[in-house]
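In what follows, a single structure is set out as structure tokens and then discussed.
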Amino acid sequence: MRVVHYLNQFFAGLGGEDQAGTPPTLREEPIGPGRRLQALIGEHEIVATVFCGDDYAAGTPGAAEQILALARSAGAELIVAGPAFTSGRYGLACASVVAAAAREGLPALASMHPENPGIEEAGGAPVIESGATGREMAVSLERLAAATVKLAAGEPLGAAEGRVGKLPRRNVLVSESAAARAVELALARLGGDREATEIPLPSVEHITPAAPIADPGQALIAILTEGGLVPAGNPDRLESARATKWVRYEIAGLDSANAPDFQSVHGGFATTWANEDPNRMLPLDVARELEREGAIGRLHSEYFSTAGNGTPVASAKRFGIEWAAELHKANVAAVVLTAT
Amino acid sequence: MQRIVHDVRSVEFGEQTRFEGGHLCVARSEVTSLCSDPSLATVRASWVSPGESARIVGPLDAVEPRAKGRGSAGGVFPGFVAPALPGGAGATHVLRGSAVVVAGFLPRAQEAVIEMSGEAAALSPLAATHNLVIEFEPAPDAPWEEVEAALRRGALRLAAHLADAALDAEPDAIEELPGLAAPDPGGPPRAALVVNLQTQGAFKDVFVYGRSMAGALPTLIEPGELEDGAVVSGQYGHPGLKNPTYLHQNNPVIAALRARSDVALGALILCPEPVDQATKELVSAHAARLCRACGVDFAIVTKEGGGNADSDMALKMDMIEDLGMPAVGLFAEMSGPDGTGAPLVAPPARATAMVSTGNYDERIALERVERALGRERIALADADATAALELPTAVIYAALSPLGWGRLTCRELGQCA
């Protein structure tokens, strides 16, 4: 297989912090730890190395996609990133690159220490355990090489291969029905087993609400909705359930969200009343009144929408992060987010 | 109660509806007249059987043919077919291995498929039955609510009529079904089964004795009442997490309890799934109180639908545990296509015993089929109804059955299956 290896500026031999702003660069050969890796993966060929400065990778939106595009330009069939050890920005870059590759169905794996904060960002791509520092390069590369060979053969990577971080949960058919297993689990509980469960309890993140804004009369306010409200005809084809995206539309100069110019495509509630008067979903009419009265400073020039119906927490979290970044950039001070 | 079982081994259409030696023959004219309604312009019946290269697209409800035995009081589908009075006693005939399946478009009905063969066939209870598929065209200008009500009445009447044909046939099995077990200090532990029914308005509603469960408080019934069709589905959202009437008639948790001698069913409690938090809390508190009043040793809680319904599960499980009874809940995981996201939207805080019915976001590949019934296209994949497809497991009808029918679960890579 044609393998492309990702490194940061330090392991590519460019230098330290002074070179951390280096943009993604392609070199058609293995470099640094890549040379040892090449020796270990035998028949597979490292056709290129892409390297990038840690600051550039961590601070540039779309950096992972740029890196992936360079790797693809070299004909990558598999991507290996790291080892990043405990280096936070490098780990984040490795994780983002392999996550982007996995989303596109390109086999990819990263190597880092289990305590590297970047590990959370690897998405569906495997992360193989490395040592804590570069002193453990040799053993880390051996483990990474073995996992690379397995991945290239299409085999799944699990704990036996040194996989760390979030292990994907995959569907399997078992011999007993869920109902029979529920009875079994209940009897285990009754017998005093407090730990038995098929689903590990997810940790629920608690968000501390922001402090009230001091002077709403001076503030830029946005209105957002998860009620699937879109312009009539749903031009961007927002999904009615399990939405994979959110959409944004201009409302500058618009006084009211009137029927039939807007519609809700949300699949989880009866949309009759929202469609009869879309202001019920997106309170544009009232927001304009408040704007005219001076109760709020100004209404943001666009609204964001998605359909919160059967949405995995991971998607909802991504939408939230993206919305927050967009709103922050536009100096929005507060939002009204309507829910269904 | 006695369940008189007739195995359906082959099916066809003919001049007259009859059942003989495992062979079910259905008259199309009788289907048409039983389903006829001013809100339906046309009704068409087709058979589709297990193992066929066929797909049912847009399955709505599925009903098992059942009829009350001669001389037994009451009737099936009380509130729709029989008078709305508590039944569940005497003898009930069952055409096992067959179902009436309505398929087509209704508002709010999310896209669903039943694969009659291939890998996905193992995921749906209706892939293992001979299905009398009812397709329809609504009458011009008929309100959709009336179309839906007509389809429901038609399917239930038809199911009762088909089983009537077996009343004098020699059964394959006669099963004695126990009622609720009374408290017994020397007996096995007693379970409560708490069944949450989705109640989110038209097209997402479930009926008990012909009445919507919306707005009701938890109700105690006998398992025989479920057998006789006291609970009928009018809920067409969340196909993978759907509880068709067929599965209420054949409740998997009750079947699992009956299969063992070291445990008994002490309470069967039906609850609505309200849409606001205060009512969710009220209903959960009443459900927990009923469990305690029945003196059960533990509870199993089931749901219908997605994340909203998870919060009903979490509240009930926590409140039941707070009253000193262990609670187990059946949940589908929603951890994204790659299975790495948080599996639950609203997990319980104190009750942590959960059974996984699988990840509903994981994709599954379906092969091309020779024949599709119900709808001509699959909008979600923008494909012809017979095409080879990749779809989320959530689209496979009852694949993640929150009533516990299925054998799917989730395992982390590297864990043994």
Side-chain angles (χ1 to χ4, degrees), chain A residues 102-103 122-126 156-161 163 165-190 194-204 239-242 267-271 308-317, chain B residues 108 110 122 189 191 200-202 237-238 252-253 255-257 259-260 262-263 297-298 300 306-308 326 328 330-331 333-345 347 352-359 361-362 392-394 401 403-414 417:
Chain A
R103 275 198 296 275
L157 301 179
E161 286 75 33
R163 185 168 181 160
K166 222 177 277 173
L167 289 179
R169 292 173 64 76
R170 309 297 297 176
N171 281 342
V172 291
L173 273 178
V174 292
S175 57
E176 294 288 323
S177 73
R181 297 186 336 255
V183 174
E184 197 62 50
L185 178 56
L187 291 176
R189 279 274 162 149
L190 211 53
R194 293 288 308 160
E195 303 300 317
T197 186
E198 290 186 4
I199 307 179
L201 202 63
S203 58
V204 179
E239 304 97 328
S240 62
R242 299 179 301 279
F269 73 100
T271 53
N309 177 30
T311 315
V313 175
S315 303
K317 193 171 167 181
Chain B
R108 304 185 74 192
Q110 282 165 308
Q200 294 185 3
H238 307 288
V253 177
L257 289 166
R260 312 176 59 125
D262 57 350
V263 62
D297 299 290
F298 67 91
I300 294 175
N308 190 312
V328 170
L330 283 83
F331 290 84
E333 302 189 33
M334 303 166 73
S335 50
D338 63 22
T340 57
L344 300 178
V345 175
T352 55
M354 294 178 278
V355 165
S356 165
T357 65
N359 174 13
D361 291 313
E362 191 171 314
T393 309
S401 165
L403 289 177
W405 173 84
R407 294 186 293 112
L408 267 187
T409 190
C410 285
R411 293 277 163 81
E412 283 173 8
L413 272 180

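Each chain gets a letter, A, B and so on, in the order the sequences are listed, and its residues count up from 1.
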*Between B:W405 and A:S177, what is the shortest heavy-atom contact and its length?*
O-CB, 3.6 Å

*Spatial distance of atom CD (A:E198) from atom CE (B:M354) [nearest 0.5 Å]*: 10.5 Å

_Is B:V253 close to chain A through its backbone or its side chain, or both, or neither, when contacts mean heavy atoms under 4.5 Å?_
both

_Given heavy-atom pairs under 4.5 angstrom as the criterion, report whether the side chain, backbone, both or neither of B:V355 touches chain A._
both

*What pair of heavy atoms forms the shortest contact from B:T357 to A:A178, and how long is it?*
CG2-CB, 3.9 Å

*asked:* If I measure from the heavy atoms of chain A, does B:L408 come under 4.5 Å with its side chain, its backbone, both, or neither?
replied: both

_Nearest 0.5 Å, please: how far is CG in A:N309 from NE2 in B:H238?_
5.5 Å

*Measuring heavy-atom distances to chain A, does B:P392 have an atom under 4.5 Å in its side chain, in its backbone, in both, or in neither?*
side chain

*Considering all heavy atoms of both residues, which atom of B:E362 and which atom of A:R170 are nearest to each other, and what is their separation?*
OE1-CA, 3.4 Å

*Name the region of B:S401, side chain, backbone, both or neither, that has any atom closer than 4.5 Å to a heavy atom of chain A.*
neither

_Is B:A202 in contact with chain A via its backbone, its side chain, both, or neither, using a 4.5 Å heavy-atom distance?_
neither

_Portion of B:N359 that has a non-hydrogen atom of chain A nearer than 4.5 angstrom_ = both

*Distance-minimising heavy-atom pair for A:I199 and B:P343*: CG2-CG, 3.9 Å

*So which part of A:A182 gets closer than 4.5 Å to some heavy atom of chain B, the side chain, the backbone, both or neither?*
both

*Check whether B:P326 gets within reach of chain A through its side chain, its backbone, both or neither, counting any heavy atom under 4.5 Å.*
side chain

*Go through the atoms of A:S175 and report whether side chain, backbone, both or neither lie under 4.5 Å from a heavy atom of chain B.*
backbone

*Name the region of A:R194, side chain, backbone, both or neither, that has any atom closer than 4.5 Å to a heavy atom of chain B.*
both

*How many angstroms lie between atom CZ of A:R181 and atom CD1 of B:I300, to the nearest 0.5 angstrom?*
12.0 Å

*Name the region of A:R242, side chain, backbone, both or neither, that has any atom closer than 4.5 Å to a heavy atom of chain B.*
side chain

_Residue among B:A122, B:A256, B:G306 with most heavy-atom pairs under 4.5 Å to chain A_ = B:A256

*In terms of side-chain heavy atoms, does B:T352 have a donor or acceptor partner in A:R189 at a distance below 3.5 Å?*
yes

_Can you tell me how far apart CG (A:N171) and OG (B:S356) are? Round to the nearest 0.5 Å._
7.5 Å

*Considering all heavy atoms, the nearest B:D338-A:G123 contact*: OD2-C, 3.7 Å

*Closest non-hydrogen atom pair, A:G124 against B:T340*: CA-CG2, 4.0 Å

*Drop me the distance from A:E184's CD to B:R260's CZ, to the nearest 0.5 angstrom.*
4.5 Å

